[in-house]
Amino acid sequence: MNTPTPRAVATQVHSKIDACTLLTADDLKSVQGEVFKDAQRSDRLDGDFIVAQCYYAMPTMADSVVVNVTMPKDDSGARSPKALWEQTFGGDEDKEREGKGERDREKEKQKDKAKSQPAGRGEEGGEKEAAPPERVKGLGDEAFWVGSPVGGALYVLKNDLFFRISVGGAGDQKAKLNKSKLLAQKVLTKL
C-alpha cells in the first residue's frame with residue numbers, strides 16, 4: 001500500500017506591522033534622490049520571530065532600500081527579539097567591553113594561526129575579515145552598523161523589536177550609514 005508523503009504547508013504570515021508604511025515617498029526621495037516605483041511587502045516566520053520586510057524598488061535598481069522589522073511571534077513561549085539582539089550584539093557597554101577583550105584575544109589567535117599557514121592563504125588570498133558591528137549612538141534603545149565590502153545595514157532596537165535598514169546605491173560606508181540613520185529616524189517615529 002502506497003501512502004502519500006505529507007507535504008509541508010506554507011503558513012501565511014501577516015505581521016502586525018506593515019514595513020511598507022514606515023517610509024514615505026518623500027522620505028526616500030530626500031535620501032536617495034528619487035521616488036520609489038514600487039513597495040513590495042513580504043512577511044515570513046523565522047524561528048521564534050515574524051519578520052516584516054519591505055523592498056522599496058527605485059527607478060535605479062541599485063539605489064533600492066530594504067527595511068526589515070523583527071518582532072515576536074504571538075506564541076507565549078517564543079524567544080523575544082530583544083534576547084536575539086543581546087545574543088547578536090552583546091547588550092550593554094559593559095558586556096561590549098568584555099566581548100571586545102574576548103574578540104581581541106580571538107583575533108590574536110587568528111593572526112598567529114594565519115602566520116603559520118603557507119603564503120597565499122588568509123588575507124593575502126583575498127579573504128577579508130568581517131568588521132565588527134559599530135555602535136551608533138542616538139537611535140532607538142541601541143543601534144549598530146554592520147558594514148560589508150558591498151554595503152552594510154543599520155540595526156536599531158526599540159523596546160522588544162528591532163529593524164534593519166539597507167540602503168543601496170553609490171557611496172562609501174560613511175555615506176550609506178548617514179543615509180540609513182536619516183531613514184531610521186523616520187521609522188522610529190512610526191513604531
- Task: Begin with the C-alpha distance, continue with both residues' side-chain angles, and end with the deciding distance and a verdict on side chain to side chain contact (heavy atoms under 4.5 Å, CB included) for Lys181 and Val136.
- Result: CA-CA 9 Å; Lys181 285 167 51 176; Val136 178; 3.9 Å; yes

- Minimum heavy-atom distance between Asp18 and Thr21, given as atom pair plus value: O-OG1, 2.7 Å

- Answer whether the closest heavy-atom distance between the side chains of Arg44 and Gln53 falls below 4.5 Å. yes

- Item | Test side chain to side chain donor-acceptor pair (under 3.5 Å) applied to Arg79 and Gln87, step by step | CA-CA 11 Å; Arg79 187 167 71 149; Gln87 176 187 345; 2.6 Å; yes

- Would you name the heavy atoms of Pro72 and Pro81 that are closest together and state the gap between them? N-CG, 3.4 Å

- Item | Ring centres under 6.0 angstrom apart (Phe144, Phe89) | yes

- So which heavy atom on Val67 is nearest to which on Leu22, and how close? CG1-CD1, 4.3 Å

- Item | Side-chain donor or acceptor of Asp160 paired with backbone N/O of Lys82 under 3.5 Å | yes

- Message: As a quick check of understanding, evaluate side chain to side chain contact (heavy atoms under 4.5 Å, CB included) for Leu84 and Asp48, giving each step before the final call.
- Response: CA-CA 10 Å; Leu84 174 62; Asp48 287 336; over 6 Å; no

- Message: Distance check, rounded to the nearest 0.5 Å: Leu161 atom CG versus Trp85 atom CH2?
- Response: 10.5 Å

- Note on the structure: On a heavy-atom basis, the closest approach of Phe49 and Thr70 is CB-CG2, 3.8 Å

- Message: Determine whether Val66 and Ile165 satisfy the following criterion, side chain to side chain contact (heavy atoms under 4.5 Å, CB included), listing intermediate values before the conclusion.
- Response: CA-CA 6 Å; Val66 178; Ile165 295 180; over 6 Å; no

- Message: Side-chain heavy atoms nearer than 4.5 Å, only ILVMFWY residues, links allowed to pass through others: does that put Leu182 and Val65 together?
- Response: yes

- Using a strict 4.0 Å threshold on nitrogen-to-oxygen distance, state whether Lys158 and Glu142 make a salt bridge. no

Which atom pairs, donor and acceptor, lie under 3.5 Å between side-chain atoms of residues 184-191 and protein residues at least two apart or in another chain?
{"unit_1": "Thr189", "atom_1": "OG1", "unit_2": "Lys186", "atom_2": "O", "d": "2.6"}

- To the nearest 0.5 angstrom, please state how far the CE atom of Met58 sits from the CZ atom of Phe36. 8.5 Å

- Query: How close do Gly152 and Ser166 get, heavy atom to heavy atom, and via which atoms?
  - Reply: O-OG, 3.3 Å

Which pairs would a plain distance check flag for residues 170-178, meaning a side-chain donor or acceptor within less than 3.5 Å of a matching protein atom at least two apart in sequence or in another chain?
{"unit_1": "Asp172", "atom_1": "OD1", "unit_2": "Lys174", "atom_2": "N", "d": "3.3"}
{"unit_1": "Asp172", "atom_1": "OD1", "unit_2": "Ala175", "atom_2": "N", "d": "2.8"}
{"unit_1": "Gln173", "atom_1": "OE1", "unit_2": "Trp145", "atom_2": "NE1", "d": "3.1"}
{"unit_1": "Gln173", "atom_1": "NE2", "unit_2": "Ser148", "atom_2": "O", "d": "2.8"}
{"unit_1": "Gln173", "atom_1": "NE2", "unit_2": "Gly151", "atom_2": "O", "d": "2.5"}
{"unit_1": "Lys176", "atom_1": "NZ", "unit_2": "Gly169", "atom_2": "O", "d": "2.9"}
{"unit_1": "Asn178", "atom_1": "ND2", "unit_2": "Lys174", "atom_2": "O", "d": "3.3"}

- Message: So does Ile50 get a backbone contact from the side chain of Ser15, meaning a donor-acceptor N/O pair under 3.5 Å?
- Response: no

- Task: Indicate yes or no for a side-chain donor-acceptor contact from Asp141 to the backbone of Asn159 under 3.5 Å, with no hydrogens or angles considered.
- Result: yes

- Query: Should Asp43 and Arg41 count as an ion pair when the cut-off is N to O under 4.0 Å?
  - Reply: yes

- Considering residues at least two apart in sequence or located in another chain, which fulfil the side chain to side chain donor-acceptor pair (under 3.5 Å) criterion with Thr60? Glu34

- Task: Keeping the roles fixed (side chain from Gln32, backbone from Gly168), state whether a donor-acceptor pair exists under 3.5 Å.
- Result: yes

- Distance in Å, Ser180 OG paired with Arg164 CZ, rounded so as to fall on 0.5 Å steps: 9.5 Å

- Least distance between heavy atoms, Ser64 atom then Tyr55 atom: OG-OH, 3.2 Å

- Query: Are the side chains of Phe163 and Asn68 in touch, meaning some heavy atoms are under 4.5 Å apart?
  - Reply: no

- Are Phe162 and Val146 co-members of a hydrophobic cluster defined by side-chain heavy atoms under 4.5 Å apart? yes

- Task: Could you give me the CA-CA distance, side-chain angles and deciding distance for Leu183 and Leu154, then say whether side chain to side chain contact (heavy atoms under 4.5 Å, CB included) is met?
- Result: CA-CA 10 Å; Leu183 293 175; Leu154 178 63; over 6 Å; no

- Would a hydrophobic clustering, with Ile, Leu, Val, Met, Phe, Trp and Tyr connected at side-chain separations under 4.5 Å, put Met71 with Val51? no

